[in-house]
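To start, the structure itself, in structure tokens.
When reading the values below, keep in mind they use all heavy atoms of this one structure, side chains included, and skip hydrogens, waters and symmetry mates. What you are looking at is a predicted structure, and each value in this text was computed from that prediction instead of being measured. Numbered from 1 within each chain, the chains take letters A, B, ... in sequence-line order.
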Protein chains: 2
Amino acid sequence: MGALKVGELGEFLREQRRSAQLSLRQLADAAGVSNPYLSQIERGLRKPSAEILQQLAKALRISAETLYVQAGMLDARERQELEVPAAILMDPSISERQKQVLIQIYESFRKENAAAADPAPTGGPRNGPGGPDDPKAPDGPDDAAATA
Amino acid sequence: MGALKVGELGEFLREQRRSAQLSLRQLADAAGVSNPYLSQIERGLRKPSAEILQQLAKALRISAETLYVQAGMLDARERQELEVPAAILMDPSISERQKQVLIQIYESFRKENAAAADPAPTGGPRNGPGGPDDPKAPDGPDDAAATA
DNA sequence: CCACCCCGCTAACTTTTGCAAGCACCCCGC
DNA sequence: GCGGGGTGCTTGCAAAAGTTAGCGGGGTGG
């Protein structure tokens with residue numbers, strides 16, 4: 001399960017530290033972690049938590065993203081694939097209700113497409129014991145969508 | 001030390017799980033973590049490690065980056081310019097026509113809200129949950145050139 | 001030579017993560 | 001009634017993360 005490449009991450013961190021002319025203790029102090037622990041991270045014998053990683057990134061003035069990519073936690077190309085529902089949910093400019101509407105429509109589109117492409121899905125993983133979610137007409141976006 | 005906003009992260013995770021129609025056990029199993037642990041994460045009483053976060057993101061099919069942003073580990077502003085329309089346009093699972101529909105609705109929502117809330121558009125920089133962290137302010141020349 | 005300050009690392013310890021087992025509740029078939 | 005499976009939550013416990021104290025080593029100057 002080691003999705004984390006701790007070794008590479010450690011080397012990368014040490015490189016960055018050296019290149020920033022920082023001693024182990026200096027960086028550890030700046031990042032708010034203990035010196036020996038940073039040492040162990042750099043040598044790959046410890047998997048730093050998300051928080052520590054973030055603090056190290058800050059102290060090193062490198063983007064946290066860079067670190068995550070190096071750690072193998074962020075796929076470089078994954079960054080382009082921000083999922084639509086997640087993006088919608090994070091958007092502060094629309095209401096929760098509106099988010100739900102958008103997501104519903106989005107899901108119904110996907111379902112529609114899947115049905116068109118694969119009419120015979122044997123053993124449907126549909127666990128919904130309830131009814132089929134409204135495929136179209138995702139309840140009333142009328143209020144806003146109509147105004148468009 | 002809590003640079004992590006565990007509570008928000010938990011809520012977000014729960015939202016995502018529900019929105020994906022998954023039970024706690026299902027997601028836990030898919031992500032390779034234990035059911036009770038996921039429960040605790042969702043209620044904000046545990047800070048998941050970087051690895052766990054990654055596995056959950058994978059199982060939920062959302063970008064790990066989204067999760068990090070939600071956890072307060074990546075600055076949202078830095079990257080939120082990806083925004084909903086961009087995410088929609090990049091999605092390969094729906095047709096171009098469907099994309100247009102979604103974006104239309106999204107835009108109409110925004111227009112409606114803007115009209116209702118703020119007739120005088122004095123520019124609303126979005127920073128809702130943005131925490132006032134950064135105690136010592138090492139100060140980065142954040143040249144976040146908005147590509148919007 | 002010796003104190004002094006830095007470097008990185010090892011050792012023992014405390015705190016937290018993360019898990020297997022079990023609880024209480026609800027719904028459905030027998 | 002009872003059994004079985006579904007949901008989420010609580011409880012100890014092993015295994016990690018992350019800490020403070022201390023080690024050997026290398027300058028530098030007194």
List in chain and number order the residues that pass side-chain hydrogen bond (donor to acceptor under 3.5 Å, both in side chains) with [X], two or more places apart in sequence or in another chain; answer none if no residue qualifies.
X: A/R25; result: none
X: A/Q21; result: none
X: B/S95; result: B/Q98
X: A/S39; result: A/R43

Whether A/R14 and A/E11 form a salt bridge (side-chain N of Lys/Arg under 4.0 Å from carboxylate O of Asp/Glu) is what I want to check. no
Nucleotide interval of DNA chain C bounded by contacts with chain A (heavy-atom cut-off, under 4.0 Å): C/dC7 to C/dT10
Nucleotide-resolved protein contact map, nucleotides 8-15 of chain D, B/S/- at heavy-atom distance under 4.0 Å: BSBB----
Going by the rule side chain to side chain contact (heavy atoms under 4.5 Å, CB included), which residues pair with [X] if we only count those two or more places apart in sequence or in a different chain?
X: A/P36; value: A/S34
X: A/Q100; value: A/L89
X: A/A28; value: A/V33, A/N35, A/L38
X: A/E15; value: none

Grab the CG-P distance between B/L38 and D/dT7 for me, whole Å please. 12 Å
Write down the distance between CD (A/E51) and P (D/dG18), rounded to a whole number of angstrom. 8 Å
Distance test, side-chain N/O of A/S49 to OP1/OP2 of D/dG18, below 4.0 Å: yes
Minimum heavy-atom distance B/R110-A/I94, with the two atoms named: CG-CG2, 3.9 Å
In DNA chain C, consecutive runs of at least three Watson-Crick or G-U pairs below 3.5 Å, as range with range, amount to C:1-30 with D:1-30
